[in-house]
There are 2 protein chains.
Amino acid sequence: MSPAQGGHGGRRSPSGPSVTERVLGILSAFGPGAEALTLSGIARTAGLPLSTAHRLVGELASWGALERGEDGRYRIGLRLWEVGALAPRSLGLRERAMPYLEDLYEATRQNVQLAVRDGHEVVYVERLAHPEAVRVFSRVGGRMPLNATGVGQVLLAFAPPAVQEEVLAGPLPALTPRTITDPQDLRRTLAAVRREGVAVCDGMVDPLSLSVAAPVRGEDERVVASLSVVVPSAGAEPRTIVPAVRAAARGISRALGAPSARRRPTGVVTPVPTAPDTPPRAGRGT
Amino acid sequence: MSPAQGGHGGRRSPSGPSVTERVLGILSAFGPGAEALTLSGIARTAGLPLSTAHRLVGELASWGALERGEDGRYRIGLRLWEVGALAPRSLGLRERAMPYLEDLYEATRQNVQLAVRDGHEVVYVERLAHPEAVRVFSRVGGRMPLNATGVGQVLLAFAPPAVQEEVLAGPLPALTPRTITDPQDLRRTLAAVRREGVAVCDGMVDPLSLSVAAPVRGEDERVVASLSVVVPSAGAEPRTIVPAVRAAARGISRALGAPSARRRPTGVVTPVPTAPDTPPRAGRGT
DNA sequence: ATCGAGCTTCCGGTGGCCGGAAGGAGGCGC
DNA sequence: GCGCCTCCTTCCGGCCACCGGAAGCTCGAT
């Protein structure tokens, strides 16, 4: 987020990266399309001498951050996944959103996605896909540009102005001919998204699919995530989907404690027992 | 694990752990119930001097492995979650299993769980829970003992004999009075699980809930995961659930390429897998 | 047999890591 | 206000743990 190196670069030096950076560099070597790597592959990708990589990878594997398969190649280990699952912006969010995603999935039998923004990109946190649904390009844990996707436009529309300007100033990648790449165009689209509270993206990721996305708000009213449904472009009738997406997004916002999504006092007693608030200052763990 | 220090201990001890171990120790400080920690909390838990923790945590945060909240506390970062999502035993499995879990969830509107074994414990990889379903104790990314859970008994029943003996020899924790803690008892139960291809656990985790679990096999026929449904103990009729769980587990096995789960031309007996006619690589992945 | 790619182990030199100490920023009880 | 606490941040000299070249090993392929 805020560039930590604002002051004066400092530790960058010809002597080389720190041990920590090397370790993290090893983890970075893995990625979509590179789920399994040989030791020398890791060394090559991370730019490390083989013997150094050997030692570090060995330590990572013995802890469980990496696992070595029968083919001798390394993969990300279950232990690392476990730790990663503690990230509040993934699992915490996912946990509360799941029931609503379920319902939406069940209603459409297509693709339902939940995403957050990280920097200038969208990161998909959850995806429910019917095997026979239209193929989508995204993947849980994957990234996409903000301008080209429904969830991205929503997240950008409600992002801090500084972020919006940075993205509008930067390159706007096109995934299809219909992707919005003109800054003025995008600006208008974002305004519309803010006004409507929903984004409809037709054929911007894949010519054959259309997505409808809506914002999810946290307890401080900020947009913390976005939810979308992806359906085949042909014969899609967004009108029928928009209300469902809006409703689900609102439901999740309510589950997260967003005041604006709170149930209005009707005649009925609030049926949902508010979750026993965790003490705001739940101090020392363990 | 075979003790790696077989040769001559050497680096162990008074000099202290390596940098890598310290970094991993910092990550280990986080866990269920400790999702957000202060710097000094991390230092305390990981057993590091404050200044050392400060430096290492700073490096982790600037890479994105940790994130610092507005309250000054650190949490696991999105970037680390992303890397963790590449673990084949979590996401790869989950991706293929999801549609079946969906169906099972939709049919029961209770709790559906998918788990794998790691060492002598169960690790939950996925969980679909209806908000009004019976409360379950598990959590995605969480661990439970093998002897006390339906998925655990299944995973143990089909684990390598060496693992079984280790577990049977070790302590068998009791979560409720009905948890199986007698080795002989457990041995008989495991045999039954192998025979039936399903485990039914009544009140072993929580007196009020019952779970039905079945094995999921990979392309080499080994049991790679287990699937379960958890329902309220009272009034539950396992007979009606068992077939659904079995069917879903079989469906996932087929999706993973298990020969024994392949569709037969005719629907009769002969469970023995003879020479598979086609290589299992037929997958049309990605 | 010969080759090459990848993996593992060894070991001496040195530069990066370590962590005590000092100084600031809040928060709480009195 | 004042003292006391906890938590965070920065600094810097000393030492040792990390680094990585080199040699040897295990496979398969040619």
Side-chain angles (χ1 to χ4, degrees), chain A residues 2-26 29 34 36-63 66-75 279-286, chain B residues 1-26 29-30 34 36-63 66-75:
Chain A
S2 60
Q5 61 266 40
H8 38 279
R11 92 106 58 17
R12 169 107 311 97
S13 66
S15 56
S18 71
V19 179
T20 308
E21 286 167 39
R22 284 164 191 246
V23 167
L24 295 173
I26 288 176
L37 299 174
T38 64
L39 175 59
S40 23
I42 294 173
R44 217 177 302 120
T45 310
L48 297 175
L50 189 55
S51 60
T52 300
H54 180 256
R55 180 169 28 86
L56 296 179
V57 165
E59 291 188 86
L60 286 170
S62 86
W63 184 80
L66 298 180
E67 285 175 9
R68 188 160 206 184
E70 292 177 359
D71 56 358
R73 297 199 294 177
Y74 291 93
R75 286 156 235 268
R281 224 157 276 230
R284 51 215 355 150
T286 56
Chain B
M1 318 280 170
S2 57
Q5 59 265 40
H8 37 281
R11 83 113 59 30
R12 177 96 308 110
S13 69
S15 54
S18 71
V19 179
T20 308
E21 285 167 39
R22 287 165 188 243
V23 168
L24 295 174
I26 287 176
F30 294 85
L37 298 174
T38 64
L39 176 59
S40 23
I42 294 173
R44 218 179 300 122
T45 310
L48 295 176
L50 190 56
S51 60
T52 301
H54 181 256
R55 180 169 30 84
L56 296 179
V57 164
E59 291 189 84
L60 287 170
S62 86
W63 184 80
L66 297 180
E67 285 176 7
R68 187 160 205 184
E70 293 177 358
D71 57 357
R73 297 199 292 179
Y74 291 93
R75 287 153 232 269

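Just so we're on the same page: letters track the sequence lines, and every chain starts at 1.
Within the 4.0 Å cut-off from OP1 or OP2 of C:dC7, at least one side-chain nitrogen or oxygen of A:Ser40 is found. Between A:Arg22 and D:dC18 there is no side-chain N or O to OP1 or OP2 distance below 4.0 Å. Between D:dG20 and A:Thr52, a contact under 4.0 Å exists linking OP1 or OP2 to a side-chain N or O.
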For nucleotides 9-14 of chain D, tabulate all protein N/O to nucleotide N/O atom pairs closer than 3.5 Å, reporting atom names and distance.
residue: D:dT9; atom: OP1; partner: B:Arg68; partner atom: NH1; Å: 2.8
residue: D:dT9; atom: OP2; partner: B:Arg68; partner atom: NH1; Å: 3.3

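Heavy atoms only, all atoms of each residue included: B:Ala34 and B:Ala29 are closest at CB-O, 4.1 Å. In terms of heavy-atom proximity, B:Ala43 sits nearest to B:Ala53 at CB-CB, 3.7 Å. Counting all heavy atoms, side chain and backbone alike, B:Arg75 lies closest to B:Phe30 at CA-CE2, 3.9 Å.
Residue A:Thr38 is the one, among A:Thr38 and A:Val19, whose nearest nucleotide of DNA chain C lies closer to the 5' end (criterion: closest heavy atom).
Two residues are said to be in side-chain contact when any heavy atoms from C-beta on lie closer than 4.5 Å; A:Leu24 and B:Leu60 meet this criterion. Residues A:Leu48 and A:Ile26 are in side-chain contact: their nearest non-hydrogen atoms beyond the backbone lie under 4.5 Å apart.
Computed from coordinates, the B:Leu66 CG to D:dC8 P distance equals 13 Å when rounded to whole Å. If you measure from atom CG of B:Asp71 to atom P of C:dG27, you get 13 Å, rounded to the nearest angstrom. Straight-line distance from the CD1 atom of B:Ile26 to the C1' atom of C:dC17: 13 Å, rounded to whole Å. Whole-Å rounding puts the B:Leu37 CG to D:dC7 P distance at 12 Å. Taking atom CG of A:Leu56 as the reference point, atom C1' of D:dG20 lies 12 Å away to the nearest angstrom. Remark: P of C:dT8 and CD1 of A:Ile42 are 11 Å apart, rounded to the nearest angstrom. In this structure, CZ of A:Arg73 is placed 15 Å from C1' of C:dC7, rounded to the nearest angstrom.
Taking OG of B:Ser40 as the reference point, atom NE2 of B:His54 lies at 11.0 Å (rounded to 0.5 Å).
When each of B:Val57, B:Val19, B:Thr20 is checked for a side-chain contact (heavy atoms from CB on, under 4.5 Å) with A:Thr20, only B:Val19 meets the rule.
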